[in-house]
Each structure stands twice: as structure tokens, then as C-alpha cells.
Number of protein chains: 2
Amino acid sequence: MSVTLKDVAQAARVSVSTASRALTGTGLTSERTQQRLVRIARELGYRPNPIARGLKTGQSRLVALLVHNLTNASFQVMAEVVQARLKALGYQMLLCIGGDDPQQESDTLTTLIDHRIDGLIVVPTGKNGAQLKALSKDVPIVCLVRRDDATDLETVLADDPQGAYLGTRHLIELGHKRIGLIVGRQDTTSGRERLSGYVRALREAGIARDYTLIHAGHFVPETGATCARKLLDLPRPPSAIFVANHEATLGVLRVTAERNIAIPDDLSLLCYEDMPWFEWHRPAISIVDNGARDLANLAVDRLLHRMDAKGNGSEGVREYRVGARLIKRDSCRQIDAPAPARSARPKSSPSKSSAAKSAKV
Amino acid sequence: MSVTLKDVAQAARVSVSTASRALTGTGLTSERTQQRLVRIARELGYRPNPIARGLKTGQSRLVALLVHNLTNASFQVMAEVVQARLKALGYQMLLCIGGDDPQQESDTLTTLIDHRIDGLIVVPTGKNGAQLKALSKDVPIVCLVRRDDATDLETVLADDPQGAYLGTRHLIELGHKRIGLIVGRQDTTSGRERLSGYVRALREAGIARDYTLIHAGHFVPETGATCARKLLDLPRPPSAIFVANHEATLGVLRVTAERNIAIPDDLSLLCYEDMPWFEWHRPAISIVDNGARDLANLAVDRLLHRMDAKGNGSEGVREYRVGARLIKRDSCRQIDAPAPARSARPKSSPSKSSAAKSAKV
DNA sequence: GACAATTATGCAAACGATTGCATAAAGTCT
DNA sequence: AGACTTTATGCAATCGTTTGCATAATTGTC
């Protein structure tokens, strides 16, 4: 079907081995034959067969990225970044979707190893530590976004404590004293760390912690709706809600919409992790950006480093943090101060405020 | 590193060939040795090496899916569907992102072929027809969503004429007579076909076509904003807008928000292709669903069929259409009739409508 | 110009599976 | 029980590369 090394060798009247050496640049070949072979190979349209090469070298030029899903915007950009970087280096990305399901993760890992991938970036479920650990002897692995506590794998994490702290502090600086928090399950690292960042910011500001303002839940939109209702039904509802559970965002927005709560006039809203439409939304939604792009880039860096280092395993650093940053848009407002006087408008009626809000920009 | 067929054979005191035959089920092996080998293989934890196998058989157990990006919700679900289906069959999906860029598409195709993929599902840019055609001799290819006119490849398309027709008819049935259309570039199949569906519905209803109501543009949010403004600034603005350009949706929503246009009270809005948050949005956005899930499934079906049929090439059907369907939510209302009495609310003041509108998302 | 040192090439054996062909074992039939 | 099928096994070649080792060609040195 396609041109083989043998064909090239024959055309050049040299042996296959010389051809191989000339084209891979390995070892000793005279300048002249080398160039001649390169030329002939190009003329013939020779493309090395990665499978045959892989059999001999044990490498596949395949690097896998295993994420939970493609719905989460962070995973999308990570996938795009990883693919772009790898491709530039001559690797193909094998994107796998594990659904955050341990069984599926385990199966996928197995077939990936079968395929002799050269490297793996994985967002672990946390339930297959043993397997990951075992595999890490055969192939470089980098964990992304989540740590698998059962392993000592190199891990690239978002700086969730910092992100949550930044977000909360931002709201405090705007004058908010009662800040509702909707956060992820407390048996996940991110859930715990975001809560701790929130708590720290409050403490620093000397604001007493109010447990009725803190809600943790599963990573689904429904969580957002439920928690938002609970918060808004409070005798003294919060003046701001920090949705630090990305997946819950939709639920929160639905509830505020249903109740005609104007953002940011009636309620300030700060979310976690970007979505492409947040800046198109009116009001554009302020967020804490977890740095998905940087995370992916760093993960690739670390992976490549390990792939080069070829198993001279234990270095010092095993955990990297990528800074979060605040992206201020229009969904949070200064409290106890007049709303920005951009458009002259009465202040009284609630319908007014909602109009003001949407009118903005 | 890992257990090889030779190890299994040795342990069972048979030759490698017998082991191979027993485990693959190929050819003649006695019941007893077969079972014995299977047992031993399992005990030893033998896993066939796809690379070695691939070298001999010319197959890789890899199937590629090449899409433009992962931002588009349709591509997301397609990727998830394809991955799930393939995995169940023992294939790994190679997901590639081509960015709708001919050069990138071409490069990617080349490396995919190098990797000896067993099949390819591609959303073609339309600019690499020659290459695709050539490759289709080596590997089964199915085009998805777009046709590449330079080839006669088997293609799975959304039924855009029908989808646009259904959507337009829906609006007409609700009493709308002036229906704005925002559609994609007319040098794409989908752009043309959706326009034609719209036109057909109008014709059937005996509504004169008004060119000021029809806008075609690039697949970016800005298009939506620009076109929406043009439509709304018309002396006699439309009572409904059909956003048949998925990527433009965000832009349209922003403009309606900026102008405090209440949906569906002031303007009915119908969009094309779902996004996960459409049903969480307030009002929930009605759409024409292009059937991404079905498209992906059918593409997989066709691909598998070709992969089995092993090149007994030219059958009859080369183009499949997957039905679109209307998903009615809350963003379109009956015209000349009272708004649905869901929540009792004043009808008069503009603030009302803006409140309703801000309720959005 | 002969000899050693260097460099360039070729031979052949891997890598781990599959598979055509030959042969050994087991059944069948008279 | 011997001749003849049928069925089960093994041998060895093969897929397209890479690579250790031996050898041939080139260069340099005195």
C-alpha cells in the first residue's frame, strides 16, 4: 500500500539499515548519502510506519488525556491545549472520556497501556490509585486538577484555596458581609480547598462564619438550584452568592431568574471557572478563573519532562499549583453605595432595578 | 515488561502459533487446549500487544474522529457518543481538533493515516477533497455534518432543510408573520439549506419573502449581535427571530438583553442546535435540534459497516439524513394572544418586560 | 605506500504477533 | 488392522523498523 523503507533503500541502492540510519539521523552516515536518502525518501513520499517503529522501540507517539467529560468548559480548553501542544511535537493525542466513573477509568487505563502510550495526563477519579501507581512504572503519568491520594504521582493542581480566597475577598471589598457559598462535595479536594479559601478570607476580614450561608453539594446544576433557594429563603438572605461549584452555576441562575432577582442590583453573583457565554451574558458574569489553559500547559510541560527524563524517577517537587485569578465583569456590585451612575435611573421599584441590571452595558 | 504470547505458550508447553490460534479463536484448535490456553493467559495476565498485532494485520484498533472544535455543543456530544460506541467494540477513539482550518486538517489526516487508523469520521472543511478521496482507498471514511463536494464519500448529514422548515413553520403557526432569520454563510451547505427551509415554510404559508429580514454571516457570536441589531432597527422589526446560526446565538441574546427586549413577550426567539444551558435559561430557549446524538450514532454505524465490508466499495446510498426535531420550550409565544398565564404579572410597564427578560439565564 | 584509526555500510537478529504449509495425532471405515 | 480422512499442532516466514556487530571503505600518519 504505501512506500516502505525497503523501497527507499532499493531506490538509493543501499541497505535498509543505512536508509534507516540516514533518515532517523541516528548514528554514522556520510553527509552525502544522508542527503541523498532524504531526498529520495521525499520524492517517493516515504512516511515511516509508526506501528513498525513502535514495535521495535516500544513507543507509539501517542499520548493520552483522560478527562471526565467534554461538557465542562475547563476540560474543553484543556483538551484543545493539550492537543495543540502535542501535535507540534509530533505526538497524537488520544482523548478519553472517563465520566468520573472508577470502573470506566480503570478499563480505559488498561487499553491505553495496551496501546503502549508514551505518556498520560489524567484527571483521576481517585479510586484507582493502585492501578495508576503500577502503570506509572511503565509510562510517565501526570495528574491534573485532582490529586489521587493513593499515589505520589506528579500532580498539577489549580490553586483552589487561593482562588476561593480571592473571590471572597473581592466580595468583601465590595462591602458584602453576608456571602453565601455554594461549593462542591467535601470529599473532593477542590470542595474542601475552596471552602477553606472562603473561610480564610472571612476570618481575615473579621467576619463571623455563618453556617447557614455555606452549602456543599454534588457537581450538578440541581445542586445550585436547591442551595440557591435555601440561601434566598433565609430570614436574612445574603447580599452576594459565591458559586464555587462550577456545575451548580446553571441552577443558581435559574433560581434568580425565576424569582426576578436582579443581578447585581439585588444580589451579587460570583462564579468559579469560565464558560464561553459568561461574557456574553447580561450582566456579564464575574468569575474566578481556575487557569485551565495554564494548568494544561503545565501538565504538558511536566509530562514532556518526565518523558525525556526516562524514568530517573524521584525528583523533589511532586505537586504544582497554578494561580487562579479574578476576572471582574458585571455581576458583582458595591454594596451600601450608589449603583454606578452610568445611566440615570430611579432607584425605587424592584422592576426598575431589574431593568437597570439588564440595561447595563 | 509485560507478558507476551511466547510466555503463555511456554507456560502451556505449546508453540506460539497454537497459542495465537487458541486465543484469537482463529482456525482449528481442540476444545481442550483452547480452554487451557485461555485460562493460562488469564492467569498470567496476558494482554495482546496491539502494536505487534497491528504490524502483521495492518490494523490498529484506532478510529479517529476529526472535528472543528470542542466548544460547539454538538461536537461535544458527538465525541462522547463516538467514544462510547467505539470503546464498547474494543476500539480507541483518536479525537482530533482541526479548527476548521484546511492546513491543519490536511496535516492531521496525514499523521492519522501514518498511524494506520482503522476508520475515520470527519467533519470536513471542504478544502481537502482530493486528499480525503485518496485516503478513502486505504481506510473507511465517513463524513459528518458537512459534505465535501469534491468527493463521493459516504456522508451523514443533518436534515437542515427540514429543520429550518420545522422551526419556521412553528413560528408561523404561532401567528408570526415577520420572522427574522439569522443564518450561516451561504457558501456552506448548512447555510444554504437552512435558508431554503425557511423560504419553503414561508412560501407554503403564503407569506411574502422580505429580504430585509434575512441575514447571513460568519459562525461567530459577533454575527449574531450585528444581525440582531439590524433586524431590531428595522422600521417594522420582526416579531420573531430564528437564529439558525448556532454560533451567533450568544450575540443575539446579548443584544436583546442590552435593549431590554423581553423574550418571549416582546420578541420570540428560536435557536438552532442545543446548548446544555438552554433549558436552564429563563425563559428556556426553544430550539431546532439537529440530532447530534443520532448523527454520531449513524456515522458510527456506517463506518462500522464499511470497516466490515472491507472495501467492496460502491453501494447505492452515499448520503444519509438525520431528522431534525423541534424542541418547544419558553422562548416563543403565540402572537395576538395573551402571553401564557404562567405567573401572574402586570403586562403594561416596560420594566415588567425587562424583568421578565433579565430573568433570562 | 603500508598500517592504524576512523567512518560508512551491510547482515541479520530482534520486536510480538499472525498465518500458509507441512506434519503429527486422532478418528473412520471396511 | 491398515488405508484414508479429518483435526490439531508446530515450523518458519512475515509485517516495517531499529540496532549490535562485523566488515568494507576512507582517511590520516610516519
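Chain letters run A, B, ... following the sequence lines, proteins first and then strands; every chain starts at 1.
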Applying a 4.0 Å non-hydrogen cut-off, can you work out what B:Pro50 is touching in the nucleic acid: base, sugar-phosphate, or nothing? nothing
Strictly below 4.0 Å, N to O, side chains only: are A:Arg146 and A:Asp148 in salt-bridge contact? no
Between the base of D:dC11 and the side chain of B:Ser15, is there a donor-acceptor distance below 3.5 Å? no
Passes side chain to side chain donor-acceptor pair (under 3.5 Å), B:Ser2 versus A:Arg116? Steps please. CA-CA 11 Å; B:Ser2 60; A:Arg116 300 299 189 274; 3.2 Å; yes
Less than 4.0 angstrom between a side-chain N/O of B:Arg53 and OP1 or OP2 of C:dG16, yes or no? no
Under 4.0 Å between a side-chain N/O of B:Ser17 and OP1 or OP2 of D:dT9, yes or no? no
Can you find a pair of side-chain heavy atoms, one from B:Leu65 and one from B:Gln83, that are under 4.5 Å apart? no
For the pair made of CZ in B:Arg13 and C1' in D:dT9, what is the distance, rounded to whole Å? 16 Å
Taking CG from A:Asp7 and C1' from D:dC15, how many angstroms apart are they, rounded to a whole number? 13 Å
At less than 3.5 Å, do the side-chain atoms of A:Thr4 and the base atoms of D:dC15 form a donor-acceptor pair? no
Which of D:dT14, D:dT17, C:dG10 is nearest the side chain of B:Lys56? It is D:dT14
Atom-to-atom span, CG of A:Leu5 to P of D:dT18 - whole angstrom: 7 Å
Does OP1 or OP2 of C:dA17 have a side-chain N or O of B:Thr57 closer than 4.0 Å? no
Find the distance between CG (A:Leu109) and CD1 (A:Ile141) and round it off to the nearest 0.5 Å. 7.0 Å
Take atom NE2 of A:His115 and atom P of C:dC15, then tell me their distance rounded to the nearest Å. 22 Å
To the nearest angstrom, how far is B:Leu37 atom CG from C:dT18 atom P? 13 Å
What is the distance, rounded to the nearest whole Å, between atom CG of A:Asn49 and atom P of D:dT18? 10 Å
Ignoring the backbone of B:Leu55, work out which of D:dC15, D:dT18, D:dG10 is nearest its side chain. D:dC15
Can a donor-acceptor pair under 3.5 Å be found between the side-chain atoms of B:Arg21 and the base atoms of D:dG10? yes
For B:Thr33 and A:Ala52, find the nucleotide of DNA chain D closest to each by heavy atoms; which residue's nucleotide sits nearer the 5' end? B:Thr33
